[in-house]
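Here's the structure we're looking at; comments come further down.
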Amino acid sequence: MYQGNAIKTVRGTGLIQRLKDQKWLFLLMLPALLATLFFSYGPMFGLYMAFINYQPGGGTFLEQFFGSEFVGLRWFEYFFTTGDFYRVMRNTLATSLLSLFFGFPAPILLALVLNEAKQGFFKRFTQTVSYLPHFISWVIAANIIVTMLSSEGMINSILVTLGIIKEPIAFLQNGPLFWWIIALSNMWKEMGFSAIMYLAAISAINPELYEAARVDGASRFRQMFHITLPSLRPTIVILAILAIGGILNAGFDQQYLLQNNTVLEYSEVIDIYAYKYGLQNSMFSYGAAVGMFKSVVAFILVIIVNQIAKKMNDQALF
């Protein structure tokens, strides 16, 4: 009774009184709050660039920025009406959906396998090998992928030796194959590191649930299906919401490093398109409009998927 009254009293007090009563807690929050405001919300004033015709010239940056011609939604209209919109969105969605299809369930399966592994050396070795690609930069990873997929690389050598193909395949010169290469390389690079979150969630499951299941005669597969996976559902839902919200983040580093002139029709995604026009072609306002479009779509997707998850499973991000 006392705790309930105390909680009710704290919740019922005003903001000023709560600041006084919990001043040390709010003081601990202050550095994180200032960092968030400075690095996350401060740069958002630059979104105004998407609605003006900014051209660097004489004078200070602020004079040019706020003195530029206001053009409203002209840059967005230009992006939607050009032939580039369909191509860029096709490449972005194709790469992202394939990456989501392969990359989202892969760490879940890896975490389940590692959890069931009883051999200590095998488990530690597999974890180390699967985590390692995450800490390799895309510059190095791209060189490894290019070498493996070259005409004389390991992949072609294995396929020719097994008699699956007669002549080497030019993987990185085939446009439609480029989407699959990016998706599989993303899965390879991030699968092990992403499995850490699922392994942490598995470690929090009450061991007594498994003991009770074994007493009832449940096999290891049934324990995994009826105990482990349901316990992972909150983690899976949260990460699924974030993954779908970032579906237009098809990646920049891997696309830029693995692309070549023969696959430009299939490799140019939103990030590369915004970089090409915004920085290389000095169309800063147009690049800002393209980037803002991607951010708005991501925000809307997060809200929609979050509400769907809340209604279906009563578990959501917020």
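From a predicted model like this one, the values you see are computed outputs, not experimental measurements. For the numbers below, each heavy atom of this structure counts, side chains included, while hydrogens, waters and symmetry mates do not.
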With a 4.5 Å heavy-atom cut-off, do [X] and [Y] have their side chains touching?
X    : Y    : value
N260 : L172 : yes
M292 : F76  : yes
F51  : V71  : no
I145 : S185 : yes
V215 : E211 : no
N156 : F171 : yes
L114 : I202 : no

Practice item. Hey, can you tell me if Y286 and Y78 have their rings parallel, tilted or perpendicular (30° and 60° cut-offs)? Key: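 Perpendicular: the ring planes of Y286 and Y78 meet at over 60°.
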Exercise for review: Evaluate the ring planes of F45 and F66, with Trp represented by its six-membered ring, and classify them as parallel (under 30°), tilted (30 to 60°) or perpendicular (over 60°).
Suggested key: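 Rings of F45 and F66: parallel, under 30°.
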Measure the spacing between [atom1] of [X] and [atom2] of [Y] and express it to the nearest 0.5 Å.
X    : Y    : atom1 : atom2 : result
L184 : L177 : CG    : CG    : 10.5 Å
L232 : L112 : CG    : CG    : 6.5 Å
Q223 : N115 : CD    : CG    : 10.0 Å
M187 : F101 : CE    : CZ    : 11.0 Å
S231 : M224 : OG    : CE    : 13.0 Å
I108 : I236 : CD1   : CD1   : 4.0 Å

Does [atom1] in [X] sit with more than 12 non-hydrogen atoms of other residues, nucleotides or ligands closer than 6.0 Å?
X    : atom1 : result
R222 : CZ    : no
F70  : CZ    : yes
N261 : CG    : no
F299 : CZ    : no
Y256 : OH    : no
W138 : CH2   : yes
F26  : CZ    : yes
Q173 : CD    : yes

**Study point:** Cluster overlap L132 with F125, hydrophobic side-chain contacts below 4.5 Å
**Key:**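 In one cluster: no.
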Is there a donor-acceptor contact under 3.5 Å from the side chain of [X] to the main chain of [Y]?
X    : Y    : result
S96  : I247 : yes
N206 : E208 : yes
W179 : L98  : no
N281 : M283 : no
N306 : I241 : no
S295 : G291 : yes
N143 : V139 : yes
S285 : I52  : yes
N91  : R87  : yes
T95  : T92  : no

Check your understanding: What pair of heavy atoms forms the shortest contact from Y266 to F178, and how long is it?
Key ->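 That closest heavy-atom pairing would be O-CD2, 4.2 Å.
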Exercise for review: For the pair H134 and Y131, evaluate side chain to side chain contact (heavy atoms under 4.5 Å, CB included) and give the outcome as yes or no after the intermediate values.
Suggested key: CA-CA 6 Å; H134 172 79; Y131 297 166; 5.9 Å; no
Point to revise | Aromatic ring proximity, centroids under 6.0 angstrom, F284 and Y277 | key: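 No, too far apart.
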Review point. So, F79 versus Y273, ring centres under 6.0 angstrom or not?
Key: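 That pair passes the under 6.0 Å test.
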Exercise for review: Go through the side-chain N and O atoms of N186 and Q254 and say whether any donor and acceptor fall under 3.5 Å apart.
Suggested key: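 Yes, a side-chain donor-acceptor pair sits under 3.5 Å.
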**Study point:** F80/F85 under ring-ring contact (aromatic ring centres under 6.0 Å, His included): CA gap, chis, key distance, verdict
**Key:** CA-CA 6 Å; F80 296 146; F85 176 77; 5.3 Å; yes
